[in-house]
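Data first, discussion second: the structure below is written as structure tokens.
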Amino acid sequence: MRKFDSCRGHLSIALDKGRVEIEPKSRAGRRSVPIVGVLRDVLVEHKARQDRDTGLVFGSGAGTPFVPSNLWRRAQRAWRRPGLRPIGLHEARHTFASVLIAAGVNAKAITTYTGYASIQTTYDLYGKLMPGSESEATALVDAYLARADTQARLDQLEATES
């Protein structure tokens, strides 16, 4: 993770392997991810404790990325402290996507935030979690058409009165 913009509430993602930044598998892998307010506050405090203005958000120094095995151990301890069953980073990505869906975020934004190269991947993985049914879709279309019809009638009335 390369850069945290506390004003915009975004974290820029890049992959680091050892001491060399590598390109993600797809262009979608290099992205800016929104950070919710609660986490933003934690990251602002974390960055202040680092006493540096530039460099990596996480790592053992401004230019030294974290070691994945160290991250894994720290995450395991963090999960166990409150008595939670530990999950891996890949499961955390799925949890993040599930929370975005539950909050009503659209599929295109979820695709961007999770770094999938295709919206089809997002639908394939999470479509079953997305709200809505055929009856809800029908009701939405009916409501839209009713509003459009009403507006068209109002426009006709206005034209005849002019």
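Just so we're clear, the structure is a prediction, and the values are computed from it rather than from any experiment.
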> Quick check: are there more than 12 heavy atoms from other residues, nucleotides or ligands sitting under 6.0 Å from CD of Glu158?
Replying inline: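 Check fails, neighbour count at 12 or below.
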
> Counting heavy atoms not belonging to Lys128, are there more than 12 under 6.0 Å from its NZ?
Replying inline: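 Yes, the 6.0 Å shell around NZ holds more than 12 heavy atoms from other groups.
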
> Could you give all pairs that pass the ring pair (Phe, Tyr, Trp, His ring centres under 6.0 Å) test and reach residues 76-109, with sequence neighbours left out?
Replying inline: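 Non-adjacent pairs meeting ring pair (Phe, Tyr, Trp, His ring centres under 6.0 Å): His90-His94, His94-Tyr126.
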
To the nearest 0.5 Å, what is the distance between [atom1] on [X] and [atom2] on [Y]?
X	Y	atom1	atom2	answer
Asp41	His46	CG	NE2	14.5 Å
Ile110	Tyr116	CD1	OH	10.5 Å
Glu45	Arg40	CD	CZ	13.5 Å

>> Given 3.5 Å as the limit, does a donor-acceptor pair link the side chain of Glu91 with the main chain of Gly88, or not?
In response: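 Yes, Glu91 side chain to Gly88 backbone: donor-acceptor pair under 3.5 Å.
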
> Which heavy atom of Ser98 sits nearest a heavy atom of Leu129, and at what distance?
Replying inline: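 Nearest pair, atom of Ser98 first, then Leu129: OG-CD1, 3.5 Å.
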
> If you look at every heavy atom in Gly115 and Arg93, which pair is closest and at what distance?
Replying inline: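 It is C-NH2, 3.8 Å.
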
>> Quick one, Leu145 and Asp149 - any side-chain contact, counting heavy atoms below 4.5 Å?
In response: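 No; the side chains remain at least 4.5 Å from each other.
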
Is there a path of hydrophobic side-chain contacts, each under 4.5 Å between heavy atoms, that joins [X] and [Y]?
X	Y	result
Leu125	Tyr113	yes
Val99	Ile87	no
Val105	Ile119	yes

